[in-house]
Every structure is written in structure tokens, then in C-alpha cells.
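Before any comments, here is the structure.
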Amino acid sequence: ASGIAAALVTAAIIREALRGAARPGHLVAYAIELASHPALRAGVGEWLVGHPQAPTAHDADAFLAAGLREVVDALQRAHSAVAAFQSDPWADDPCRFAGEGWRAQEALSTALLCADALPGDPIAALRRATVTGGDSDSIAAVAGAILGAAQADNPWPAQWAQRLEPRYRTWIADAAQYRLGDPK
């Protein structure tokens, strides 16, 4: 349940970052607000019906609500550490406060804590996400997606793309050409 809920909140925060509504420095608080908003749940219960833990619409709604509670709990733990991390983002491991990232809600919470810790420097925020005592590649992947969406222009250095494996460069180039509704 928490994995599905964390995916919903992650998608919502990325959408809001692309719109300019969610900005680094306030992402954890905004994610808590999104996770608690009834619109996030609209239609999801019907989609979950048939899941082994959600055979009926009532079960699906309860399953999703339980997952969202776990996500909000993890986000609230991260929120309690934002001010300390903004004053010194390198003093402690963000995993101690937001979770090690082995579960989806922890990866999201720790990624947002790192993004909020260094709101004016997406490269340093991503670096902070990569240097943790937990599942740093998952934490950094989530942080990078959110930080990238929150920037008007691509914030990542060009040489980073050159160091990618060729298949990833191809996938990124293909994704850049994608437009909603294209028959591809």
C-alpha cells in the first residue's frame, strides 16, 4: 500500500514542480499537503480493485488510505528535520530522520529532505541525496526527478549525459521526442 501511495505522491509532486507550484525549500511540506488532499485519491480506489489486498472498492479505499498514512508519517519525520538540514545539510545523514530509502515512502521523504536542504543548488541537493547511509541510488533517482522538474531549464551539467551508458542516452533522447498522444 505504501509503495502505491508513495508513487502517487511522487507523481503529484513532480506534476506540481513542473507547474511551478512546488519549489525546493518547501517540498516536504507540500508533499504532506498533497498526500492529505482528497483529489489525490480520486479514482485510484476503483483502479486498485482486484489487488490481492483490495478485492472490493471498500477494501481498495482502506488499502490506499493505510498507504497514504504511512507516507504522511515518513514525510512528517522528514519535515521535522528540514530546518536543521537547511542550516547544515552535511552535518548528519538525512536517512536518520527520513528513512533509509529501502521502502518507497522513505526514498521519497529522504529525497525531498535533501532537495529542501539545498533549495538554491540542485546539483548540491542531488549530491546530498547520493551520499547517504541508505539506498542512495533510489533516493537520488527520486530527488533528481523532482529537482529536474522544479527547474525551468535543465540544471544538470552536460558532461553528466556524456558519461551515461549509450542505451541510457538513447532512452533519454527518445523520451525528449515523446509527446502525449503520439502513436509511438
Side-chain angles (χ1 to χ4, degrees), residues 1-24 26-80 94-95 97-116 126 129-130 132 134-150 165 167-168 170-184:
S2 59
I4 293 167
L8 286 170
V9 174
T10 302
I13 201 83
I14 289 171
R15 179 192 65 228
E16 295 303 310
L18 284 167
R19 291 180 180 170
R23 307 301 308 156
H26 308 283
L27 292 170
V28 175
Y30 199 78
I32 292 169
E33 184 180 322
L34 288 171
S36 304
H37 198 283
L40 183 71
R41 298 172 62 173
V44 178
E46 295 97 34
W47 175 76
L48 287 173
V49 171
H51 183 283
Q53 295 180 12
T56 69
H58 175 73
D59 295 329
D61 288 337
F63 179 68
L64 181 58
L68 285 168
R69 279 191 302 275
E70 289 183 50
V71 171
V72 169
D73 287 348
L75 289 167
Q76 287 174 334
R77 287 190 301 275
H79 190 260
S80 68
C95 292
F97 302 92
E100 293 184 340
W102 303 111
R103 300 196 56 193
Q105 70 271 21
E106 294 175 353
L108 172 61
S109 297
T110 304
L112 292 174
L113 177 56
C114 292
D116 279 351
L126 183 60
T130 65
T132 69
D135 185 7
S136 57
D137 57 338
S138 295
I139 294 165
V142 174
I146 294 166
L147 288 162
E165 292 180 29
R167 64 183 168 148
Y168 296 134
T170 300
W171 293 349
I172 291 169
D174 290 348
Q177 299 303 315
Y178 178 81
R179 298 287 179 254
L180 191 60
D182 278 358
K184 286 185 178 180

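Below, each value reflects all heavy atoms present in this structure, side chains not excepted, and no hydrogens, waters or symmetry copies. The model shown is predicted, which means the values in this text are computed figures rather than measured ones.
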Distance-minimising heavy-atom pair for V49 and P55: CG1-O, 3.5 Å

Polar side chain donor-acceptor pair, S2 to R103, under 3.5 angstrom: yes

G99 backbone acceptor or donor facing R77 side chain under 3.5 Å: no

Atom of G67, atom of A5 and distance for their closest heavy-atom approach: C-CB, 3.4 Å

Heavy-atom donor-acceptor pair, T110 side chain to A107 backbone, under 3.5 Å: no

N/O donor-acceptor pair under 3.5 Å between D116 side chain and P24 backbone: no

Chi angles and distances behind the side-chain contact (heavy atoms from CB on, under 4.5 Å) call for D59, Q53: CA-CA 7 Å; D59 295 329; Q53 295 180 12; over 6 Å; no

Test side-chain contact (heavy atoms from CB on, under 4.5 Å) applied to E100 and C95, S138, S136, the passing residue: C95

For L40 against A35, the heavy-atom pair lying closest together: CD2-CA, 3.8 Å

Closest non-hydrogen atom pair between L48 and L64, with its separation: CD1-CB, 4.1 Å

Minimum heavy-atom distance between I146 and I14, given as atom pair plus value: CG1-CG1, 3.7 Å

Minimum heavy-atom distance between D135 and G101, given as atom pair plus value: OD2-O, 3.5 Å

